[in-house]
**Student:** 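What follows is a single structure, and I will ask about it in a moment.
Per chain, numbering begins at 1; letters A, B, ... match sequence-line order.
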Amino acid sequence: EAQVTQNPRYLITVTGKKLTVTCSQNMNHEYMSWYRQDPGLGLRQIYYSMNVEVTDKGDVPEGYKVSRKEKRNFPLILESPSPNQTSLYFCASSSLLADSTDTQYFGPGTRLTVL
Amino acid sequence: SQQGEEDPQALSIQEGENATMNCSYKTSINNLQWYRQNSGRGLVHLILIRSNEREKHSGRLRVTLDTSKKSSSLLITASRAADTASYFCATDANTGGFKTIFGAGTRLFVKA
């Protein structure tokens with residue numbers, strides 16, 4: 001089954017404790033992306049990647065890191081989480097067309113609480 | 001910065017009625033997509049419309065795109081209680097990169 005998986009689904013942590021949220025897709029998509037969703041703000045893009053070793057900033061990259069060492073995986077790293085990073089996080093992937101992304105497939109989300 | 005802006009923010013209708021949601025954006029785009037989300041769960045893709053297309057249909061969904069006005073609309077015909085969800089537009093901004101920008105969404109409530 002074609003899917004995007006994220007782990008963990010729920011995480012409660014404390015300020016400053018490094019954490020990683022994993023994302024994996026089995027559709028051989030070139031494009032992967034991380035979003036955060038906060039009430040009333042819709043989804044905001046954190047980082048995206050167009051292929052292995054190619055990443056770029058979205059609208060809200062501060063406080064986050066990503067890596068794309070393999071095509072299927074795109075982990076999101078919070079080196080020193082703060083309470084304002086409490087949010088619902090989504091990973092997505094899509095194939096790439098000549099000038100745009102195609103349909104994006106979303107993971108189930110990771111609800112992160114930073115105390 | 002938010003590019004897509006949905007209107008209205010919330011919409012409540014009776015089952016069987018049509019629901020129309022609008023999306024406006026600021027920069028030129030390659031394509032525009034509509035997604036649906038059921039309360040805090042993952043997003044489900046509905047329709048992708050390319051910048052050279054004006055209208056697209058999928059079942060009870062009809063999407064229009066007016067690039068001169070930088071706006072799109074999503075029409076759900078003969079709505080059902082199961083259509084209750086939040087609906088988002090997302091633009092693949094033609095800015096040289098592959099950024100995706102979502103609007104804040106329209107919350108649709110369909111009363112049985």
**Student:** Hydrophobic clusters here meaning ILVMFWY residues chained together by side-chain heavy-atom distances under 4.5 Å, can you tell me if Tyr89(A) and Leu11(A) are in one?
**Tutor:**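 In one cluster: yes.
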**Student:** If you round to the nearest 0.5 Å, how far is CD of Gln33(B) from OG of Ser94(A)?
**Tutor:**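 Spacing of OG (Ser94(A)) from CD (Gln33(B)) equals 7.5 Å.
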**Student:** Counting only heavy atoms closer than 4.5 Å, note whether Gln9(B) contacts chain A via side chain, backbone, both or neither.
**Tutor:**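 Neither part, no heavy atoms under 4.5 Å.
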**Student:** Could you grab the distance from atom CG of Leu48(B) to atom CG of Leu97(A), nearest 0.5 Å is fine?
**Tutor:**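 Leu48(B) atom CG to Leu97(A) atom CG measures 8.0 Å (nearest 0.5 Å).
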**Student:** Counting only heavy atoms not in Lys111(B), do more than 12 sit closer than 6.0 Å to its NZ atom?
**Tutor:**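 Enclosed: over 12 neighbouring heavy atoms sit under 6.0 Å from NZ of Lys111(B).
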**Student:** Does any backbone or side-chain atom of Arg50(B) lie under 4.5 Å from a heavy atom of chain A? Answer side chain, backbone, both or neither.
**Tutor:**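 The side chain, not the backbone.
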**Student:** Determine, using the 4.5 Å side-chain heavy-atom cutoff (strictly less than), whether Tyr35(A) and Val114(A) are members of one ILVMFWY cluster.
**Tutor:**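 Tyr35(A) does not cluster with Val114(A).
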**Student:** Is there side-chain contact between Gln37(B) and Phe90(A), with at least one heavy-atom pair below 4.5 Å?
**Tutor:**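 With C-beta onward as the side chain, the pair touches.
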**Student:** What do you reckon, are the aromatic ring centroids of Tyr48(A) and Phe98(B) less than 6.0 Å apart?
**Tutor:**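 Not under 6.0 Å, so no.
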**Student:** Can you get from Met50(A) to Trp34(A) by hopping between Ile, Leu, Val, Met, Phe, Trp and Tyr side chains that sit under 4.5 Å apart?
**Tutor:**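 In one cluster: no.
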**Student:** Please check this pair: side chain of Tyr105(A) against backbone of Val44(B), looking for a donor-acceptor N/O pair closer than 3.5 Å.
**Tutor:**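 A pair under 3.5 Å: no.
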**Student:** Just checking, is any N or O donor in the side chain of Thr100(B) or Gln104(A) under 3.5 Å from an acceptor N or O on the other one?
**Tutor:**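 Present: a donor and an acceptor within the cut-off.
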**Student:** Would the number of heavy atoms belonging to other residues, nucleotides or ligands and lying under 6.0 Å from CZ of Arg80(B) be above 12?
**Tutor:**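 No - once you tally the heavy atoms of other residues, nucleotides and ligands closer than 6.0 Å, there are 12 at most.
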**Student:** Is there a donor-acceptor contact under 3.5 Å from the side chain of Asn31(B) to the main chain of Thr101(A)?
**Tutor:**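 Between the backbone of Thr101(A) and the side chain of Asn31(B) there is a qualifying donor-acceptor contact (under 3.5 Å).
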**Student:** Does CD1 belonging to Ile77(A) count more than 12 external heavy atoms closer than 6.0 Å?
**Tutor:**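 Enclosed.
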**Student:** Test your reading of the model: is there a side-chain donor-acceptor pair from Asn30(B) to the backbone of Ser100(A), 3.5 Å cut-off?
**Tutor:**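 Judged by distance alone, no pair lies under 3.5 Å.
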**Student:** Should the heavy atoms of other residues, nucleotides or ligands under 6.0 Å from NZ of Lys56(B) be counted, would the total exceed 12?
**Tutor:**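 Yes.
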**Student:** Do you know the tightest heavy-atom contact between Lys99(B) and Lys57(A)?
**Tutor:**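 Heavy atoms of Lys99(B) and Lys57(A) come nearest at CE-O, 3.6 Å.
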**Student:** Please lay out, stage by stage, how Phe88(B) and Gln37(A) fare under the test side-chain contact (heavy atoms from CB on, under 4.5 Å).
**Tutor:** CA-CA 12 Å; Phe88(B) 297 90; Gln37(A) 184 176 28; 3.5 Å; yes
**Student:** Checking Leu43(B) against chain A: side chain, backbone, both or neither under 4.5 Å from a heavy atom?
**Tutor:**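 Both backbone and side chain.
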